[in-house]
Each structure stands twice: as C-alpha cells, then as structure tokens.
Amino acid sequence: MTDARHAVRKTGRHQAKANRQLLYKRVESMKVVKIDKKKWDQGLAALKGVYRIFSPVKMKDAFEFKALEENENPDLGGLNTRLSAKGLIYPQTEAMFTYTLDESREDHHIMSPVETDYSPRAVIGLRPCDADAFLLVQRNFDTPQYKDPYWIDAYEATTIVGLACENPCSTCFCTSAGSGPFNETGLDVLMVETKDGYILKSVTPKGESLIAASGWNDEISPEEAQKQIEPLKTAAEQKISSVVETDQLKNKDAMTIYNAPFWDDVAFACINCGTCTFVCPTCWCFDIQDETHKTEGVRMRNWDSCMFPLFTLHGSGHNPRGEKVQRVRQRFMHKLKYYVDKYNDGIQCVGCGRCVRACPVNIDIRKVCSLMNQPENATCAAQS
Amino acid sequence: MLGYIDKIREIGERLFTDGKVDVVIGFAKGSMPMMNEPMMARSSGDLQKMVWDGNCGINLANYLTNRKEKIGIVAKGCDSRNIVTHIIENKIKRDQLYIIGVPCKGMIDRRAISKAVPGEVTEVIETRDSIRVKGRDFDETFDRGDVLQKNCAVCLHRNPVIYDELVADPVVEQTGIDRYEDVRKIDSLSTEEKWRFFDDLLSPCVRCYACRNACPLCYCPTCFVDESKPQWVGKGIDDIDIKTFHFLRAYHCAGRCTDCGSCERSCPVGINMRVLTKKLEMDCKDLFDWEAGLTLDKRPPLDTYRPDDPNNFIK
Ligand code: SF4
Ligand code: SF4
Ligand code: SF4
Ligand code: SF4
C-alpha cells in the first residue's frame, strides 16, 4: 500500500495549523541555490526534521510516491510515476468521520471528525504536470462557495518541490495542455538537475521557507541560474513529440461535438474500467460510503469514476448514463469541452499521458481530442 | 502470423458482400508500441484499419456479450474457447457468429519487454521469430519465445477449437509443458507464507476492476462487489476487501477460465492475478479432468449436478 493512498493518520491538527503559520511568513526575495550530491543528502536529512517528505520511489516495477523513511532517498532518475501525485492531497480512500451505533454511549449516531495529520509535508520530485494539476483540481475543491476542508488542509500543508522533466515520454503532451516540462505553475520550488547536482529555485514563500530549512545556501544569482536552466528547458521541450490541437474546442458548439458520429467507434473497445480516471491527476470525483462493523462505523470517501455504471445509477434503478458510449463521451466532454466552457482556461488535462499509457485497450485522449477539435472532419474515423 | 491480416480482410470482405454479417470484430493498430485496439468494422472499408500481430492479447469474446447482430469475429485459441463458454452460457448464439479462426503463436508481453530495456520503448519491429525494440538510446532484439505473455508460454490450445474458417494452417501445439508450476509453488507455502505472498501480490491494486472488466466471464449485470443491497464488500482500499474481491472473482471463474491472460494484461499496475484463477483451473483438471471451453457438448463441472457424482460430499 503506498502512503499516497493512505494519508489518513491520527495526530494533532492544531499543532499542524500553528506550524503552517510559520511556513507562510512572507519572505522578501526569491532565492536560487546550487547543491551538489553530497549536500543533497545533508539537506534532505534536515528537511526530514521539519517535513514529512513524499517522493517517487521505485516499488516493484514502477515508480510511486511514498513517505520517505529515515534512511530512504527519493528515486529521481526514472520515468514519471505510474499513479499521479493526486493521492498525496486527495487519497483514494479517506476517512472523514467515525460514529457509533451503540446506544449505551452518549455520542451514539453522532458523526465525529477524524483527526488527520496536517503537519507540514513536502513533495520532492513530482513533475510540473502533476503540480499544475493541483491547481486545476483546486477549482473543484476550493471555490468561493464551497470549501472542501480535507483537500484544502492537505494542500496548504504541502510544499511542492517539482523536478524539471528532462526526459519526457513519447506519450507526454504537456506543452499542448497548458503546462510544460519546466513549468513553474503550481510549484513552490523548481528543481533542475544539472551535471553536478541540482539548482533549486524558489517560486513562492513556501518554497523559500523550505530552502531555508534545508540549509542549502550556496546561492547563485537568478541571472546565472537562468543561463544554466534555459538551454535544458529548450532541449526538454524539443523532446516532446506529441502535439495535440485544442484551439477549436471553445468555439465549437457543445451539441455538435456531443452528437458527432465518432463516439461509438471511440467507445467500442472501452471496458469501463476507470483506470484512465484513477491514474489521472485531474480527475476529482468521489463517492461517500459508510462502513459499519458491528456498532462502530467510518464515513469515508473513495475515488469514483464517470466510467463506472454505478456512478450515475439512481436509487430508482434508472441510469441516465446506462450505456458505455454515454460514459465514455462524458469523460471526454467533461475534460475537453464542459470544463473549457465553464472556466475559460483551457482543458481539464495537463498532458501527463498516464491515461494513454495505462488504458488496457489503447483509447488515446490525444486522438479523441483531435476528433473533438474538428468534429466536422470526423466521419467514423476514430480508429484511423 | 504476420501474414494473417490479408486473409482476415479477404474473409471479412466476403462476409460483408454476401451479407453474412453486420459487423466484424478484430483489432486496429494501436497508437503506442505493443498496443492494439479492439475495433468493430461496420463495412468492408473499415477492414483496412485492421491489423494482426503479436499485440492482439485482449480477449475479443468479451465484446460479444448479449449482442444482437450477426457478427464476424477474429478468434485466437483462447478467444475461441471463451466463445464456446459464451455459447454454453447463452451470452451469444452460435448461428449469430462467423468465427474467423487464427492459429496463434503467442502474444508479446509488453511489460516484460519494457522491463528488459533501459528506457521507454518507442518502436517495435516484429518478425516471425524475433522482436526488435528501439528507444532513445537502445536497440535490442529478443527471441519471440523469450518475451511471450506468461499465459501464452504455457498455452496448450493455440489453435481455435471452434471456427467457420481458419486464416492459415493450424500451428503445432506446444507439448511437454507444465502449466501449474507456479501454482504448486504457492500450494507448498505455509499458511503464513501464503498470506504474505497474497499481501504482496495484491498490495498495488487500485480496485479499478480492469481485470474483471477485461474478462469475458465477468458479464454479471451487477457484480457482487458493486452490489449495495446487501453490500458484500467495502469499497475502499482496505486490504481485506481487496482480497475478498480477488478470491471471490477467481471462484466465479472456476471451470470457466481459459487463462487467456486478458486480466493480467489489462491491469494498470501489473498484478498477476492469474495465479488465483489458475489454481482453480488446476483443481478442475485434477478433480474433473476438465478444461474450459473445449466443447459445446458438455457443461462446465461447477454448473452441473449428477445424482451419481462419485464424490461423497455432494450427496
Ligand atoms: S482506461 Fe481505457 S478501457 Fe478503461 S475506462 Fe478508461 S478508456 Fe475505458
Ligand atoms: S486526461 Fe490523461 S493526459 Fe490528461 S491529465 Fe489526465 S491522465 Fe494525464
Ligand atoms: S466477479 Fe463474479 S459477480 Fe463479479 S462479474 Fe465476475 S462473475 Fe460476476
Ligand atoms: S486490474 Fe489490477 S488494479 Fe485493477 S482491480 Fe484488477 S488487480 Fe486491481
């Protein structure tokens, strides 16, 4: 079990809030430091005293995010993690309340909040696409009207150190999706691997505090840093071979795309497993469940997926999205049209390519996006 | 096997022209190396998109469930055995189908290849006996036999057992294969060791149910894990709930599973849940001398009852 999916822990919430105040202290200028491999270990040890650190670690045959143990180091050399960093803030299963049905107890049938550990955490080594995805998901969990305390508390407790992506996969299309391999949006610190170590550039005050806590103090000027980073950035961007057109999505009439002739072909192979939504850093839907064992119970929320028939099944037995093709269309319409229309800020996708790599039957959002972008060109050519 | 596609297209075209089928189910070329996409051709023009190579590992019988049209379907050995099971279980009618049989030489294990090379695979060139794999900084060639899906390496029925037409002469079936070495190894563990083995096996499971959904046997309108009245299993990632799902699903497939490997192939986290279904397959072989999907004339042992059953416990 990876820790990302088990962030439910019981310790002092109030202490955590106080700690966080410290991290939010405004800092004047944004620092850039250089570190060599030796100082890396020292700084990491220092950070472990202040933060719980989550990083990619090679587990069995893939990289996954995990809370680092005392003597454990991040594995930063591999391809992107199989599951996204979503679960670090928004675990697959999260306990919200506990309750008892034991009527001899005074508090029976009363929900009591679960104490979760929101002490400072740092995520070290996630890719810029995953960091950008947090901002996208924030639109759902942190609105002027609705505040999801679980997501917000976890997000605020987290400092994000993003590793610039120098070896993108052939399935990555972040530059088409409003992000990029060196994108700083959503990061607190940008970390760039150089020949002899790393350059760490703080982007926010939270990042500044992390660098201060690490003891890494070999400062270099922002100009010098830029000079070193720029060519690496250009090289990485040139390695992105996947380009997806999204420019027409906004203009096209929603119903034209909805009624386009390609959906049956797009959906044919789909087995509605929901894998695409589970691996996706930007899919945010959940289901709430009460689980009772004898008299004691937990109210929890679990990731859900628009690809599951159960997702829309009504109590009456009616299912407004009872057919596979309706569910497949919903996933793509939400990400690539409804979201685009509602927020006017691009697609609900950061181009990490995970759904493309993980789909067991090779349904490829890049292909579907092209079809939706030009629905009038589409015959039944989904598989061409 | 690479030459099959011309014949598949030729047969498909004839079926459309003669009005024998409404659709043909096969595979389209995937958008990534070592991936093909199941597709349904609605006219002979669509057949041009079809391919056949070592990446057609998904079981197409899964796409037949409860369909009403007349269907041409491309079927490897394992697909054909699941078609037999589907017919026996009334999920499709024999006379709705025109089975285009494909003698199979095994499908490529994309995970084994990805693990064996030092980076992302960007190009694969398949020949009769070898698989050449290229990436940014490597170019390696494997013997086909060394990189087959695990279920294909121990397959005893590569030729379709039911078909209307074969696309080529039958291939030689493998002999001298021990299908159950892995199962016996687990059988020999102590109870605690077994528990640890299952803990480790299933720990990465995210409960997406791709394994179940890729399985042609798992066609229940509401699976027991999705049932809410009563709710048999919790929905979170509690490890007992996860194990309950896997163990029960395996039992539901007992005597029906053909070890097509679609479940393992589909799992996004690469879990080999086939060891569970294979254990029950082995038991069916030992107890009933039964292999699933070989004949239309007999029902699977777990859905029959005979008053003269030789086992006492059932009387
Ligand atoms: S991963 Fe693929 S098969 Fe599974 S629900 Fe998503 S699109 Fe469908
Ligand atoms: S839709 Fe696919 S490519 Fe886009 S963010 Fe989600 S997993 Fe990544
Ligand atoms: S696991 Fe059992 S209940 Fe679920 S779909 Fe498969 S056969 Fe049906
Ligand atoms: S496909 Fe894999 S991850 Fe999904 S439920 Fe099956 S074993 Fe678990």
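All values derive from a computational prediction rather than experimental measurement. Lettering of chains follows the sequences in order, A, B, ..., and the numbering in each one begins at 1.
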Specify the closest pair of heavy atoms between [X] and [Y], including all atoms of both residues, with the distance to one decimal.
X	Y	answer
A/D265	B/R42	OD1-NH2, 2.9 Å
B/G234	A/E291	CA-OE2, 3.0 Å
A/T93	B/G236	OG1-CA, 3.3 Å
A/N362	B/M35	N-CE, 3.7 Å
A/Q92	B/V206	NE2-O, 2.8 Å
A/F268	B/Y63	O-CE2, 3.3 Å

With rounding to the nearest 0.5 Å, note down the distance linking [atom1] in [X] to [atom2] in [Y].
X	Y	atom1	atom2	result
B/D226	A/L313	CG	CG	10.0 Å
A/C359	B/M32	SG	CE	8.0 Å
B/I237	A/M300	CD1	CE	9.5 Å

Identify which of B/S266, B/C267, B/G270, B/S114 forms the greatest number of heavy-atom pairs closer than 4.5 Å to chain A.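 That would be B/S266.
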
Name the member of B/I58, B/D200, B/D199 that forms the most heavy-atom pairs with chain A at distances under 4.5 Å.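 The answer is B/D200.
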
Is it true that B/E120 and A/R357 have a side-chain N and a carboxylate O under 4.0 angstrom from each other?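 No, no charged N to carboxylate O under 4.0 Å.
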
Does any backbone or side-chain atom of [X] lie under 4.5 Å from a heavy atom of chain A? Answer side chain, backbone, both or neither.
X	result
B/R136	side chain
B/Q231	side chain
B/K235	both
B/D241	side chain
B/L60	neither
B/N62	side chain

For A/E72, does the CD atom have more than 12 heavy-atom neighbours from other residues, nucleotides or ligands under 6.0 Å away?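 Counting other residues, nucleotides and ligands, CD of A/E72 exceeds 12 neighbours.
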
Just wondering, are more than 12 heavy atoms of other shown residues or ligands nearer than 6.0 Å to NZ in B/K70?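 No, because the 6.0 Å sphere around NZ of B/K70 holds 12 heavy atoms or fewer from other groups.
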
Which atoms of [X] come close to chain B, meaning under 4.5 Å heavy atom to heavy atom: side chain ones, backbone ones, both, or neither?
X	value
A/S241	neither
A/R366	side chain
A/K60	side chain

Taking non-hydrogen atoms and a cut-off under 4.5 angstrom, which of residues 217-224 of chain B neighbour chain A?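 Listed by number: none.
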
Would you say the side-chain atoms of B/R207 and A/N302 include a donor-acceptor pair closer than 3.5 Å?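 Result is no, nothing qualifies.
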
Among the listed options A/A358, A/S305, A/G78, A/C169, the residue most often paired with chain B at heavy-atom distances under 4.5 Å: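 Option with the top pair count is A/C169.
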
Residue by residue, which of residues 271-289 of chain A have a heavy atom closer than 4.5 Å to a heavy atom belonging to chain B?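 At a heavy-atom separation under 4.5 Å, chain B is reached by A/I271, A/N272, A/C273, A/T275, A/F278, A/Q289.
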
